[in-house]
Amino acid sequence: MEVVHHSPGKSLRLSRLINPVSGRTFVVPLDHSVADGPIASAPAVRDIALAVSRNGGDALLVHKGRMRFLPADVLRGTALVLHLNGITRHAPDANAKVRLAEVEEALELGADAVSIHINMGSDTEAEQLGDLARAADGCARWGLPLIAMVYPRGPRMSDPTDPDLVAHAANLAADLGADIAKVPYTGSPVTMAEVVRSCPIGIITAGGAPVGGRQLTRTVGDVVASGALGVAMGRNVWASHDVAGTVRLVADALHLPAVAPTAVAPTAGGLTARASSRPDHELAAVHPAPAQT
């Protein structure tokens, strides 16, 4: 296992974000209401947060104002990630992102980590990269983990799941100081393993559009096989008719695989990946071990 050296503050907070047995993480974003409008009624959002907390979700990701309305049980039992930027789908450029919160606010509100969204290839990429760099500086200063959500998305991006673009996105997050990169899933455990091997920090994959239970389990299994750190699934959770059951399904597939995953088949470049099954993960480590080749 590669050990990423963090400050004591980052290491402590990462230990709340990452499952101590599997060494992986299951993040449920509930930030969609800023971009798209309400995902459910206000009481239902509270129920969703409770279902995530009680059924194996490791972290909830919200905007700063929403943290006021989360049940106390959630605040005690689940890691909280405060999202720093956003924009609505009604904006002239929906791929732009504006800064909506600061690292210091996350500390004041009791968050365990912060996240920031970057659309690589958008017309406002330069401003977004500047925001990411400044967020990384603040997180380093205050000992707060940073998740950089970097998506190939914009007028010059034809395929956001292209493995080369996804690898570029993940390494962009690492190079600018993020602790974890959230990127699109490439669609294949083999190519996703190449992305994981290319990047010195842990990678979690975006969940994408809602899919059925069997496909959801298969996707999570493929992510595990690729050696990624975990998954972030929002719509697949809160749009489900059985939120608690879906959370448990994903958590079990991620943290309790029925059979220890084996290395994915090597590509022409000889890259393989194997998910770590050690129960004694270092708190400072957020990147699963590369496979032996």
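Just so it is clear, the model here is predicted, and its values are computed rather than measured.
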All side chain to side chain contact (heavy atoms under 4.5 Å, CB included) counterparts of R214, not counting sequence neighbours: R218
How many angstroms lie between atom [atom1] of [X] and atom [atom2] of [Y], to the nearest 0.5 angstrom?
X    : Y    : atom1 : atom2 : value
E102 : W142 : CD    : CH2   : 12.5 Å
I203 : S198 : CD1   : OG    : 6.0 Å
R46  : R66  : CZ    : CZ    : 11.0 Å
L50  : L70  : CG    : CG    : 9.0 Å

Donor-acceptor pairs under 3.5 angstrom involving side-chain atoms of residues 108-120: please list them, not counting sequence neighbours.
unit_1	atom_1	unit_2	atom_2	d
D112	OD1	R16	NE	2.6
D112	OD2	R16	NE	3.3
D112	OD2	R16	NH2	3.2
D112	OD2	L80	N	2.9
S115	OG	H83	ND1	2.6
H117	NE2	N119	OD1	2.8
N119	ND2	N95	O	2.9

Exercise answer: donor-acceptor pairs, residues 204-213 side-chain atoms, under 3.5 Å, sequence neighbours excluded:
none

N/O donor-acceptor pair under 3.5 Å between [X] side chain and [Y] backbone:
X    : Y    : result
K97  : E127 : no
S11  : S7   : yes
T161 : Y185 : no

Could you please spell out the steps behind the side-chain contact (heavy atoms from CB on, under 4.5 Å) verdict for M192 and V223? CA-CA 8 Å; M192 196 69 218; V223 169; 5.8 Å; no
Which side-chain N or O atoms in residues 145-158 pair as donor and acceptor under 3.5 Å with protein atoms at least two apart or in another chain?
unit_1	atom_1	unit_2	atom_2	d
Y151	OH	K182	NZ	2.9
R156	NH2	G121	O	3.1
R156	NH2	D123	OD1	3.1

Which pairs pass salt bridge (Lys or Arg N to Asp or Glu O under 4.0 Å) with one or both residues in residues 51-60, sequence neighbours excluded?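 Only R54-D73 qualify under salt bridge (Lys or Arg N to Asp or Glu O under 4.0 Å).
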Anything under 3.5 Å between a donor and an acceptor, one on a side chain of residues 130-138, the other on a protein residue two or more places apart or in another chain? List them.
unit_1	atom_1	unit_2	atom_2	d
D131	OD1	R134	NH2	2.8

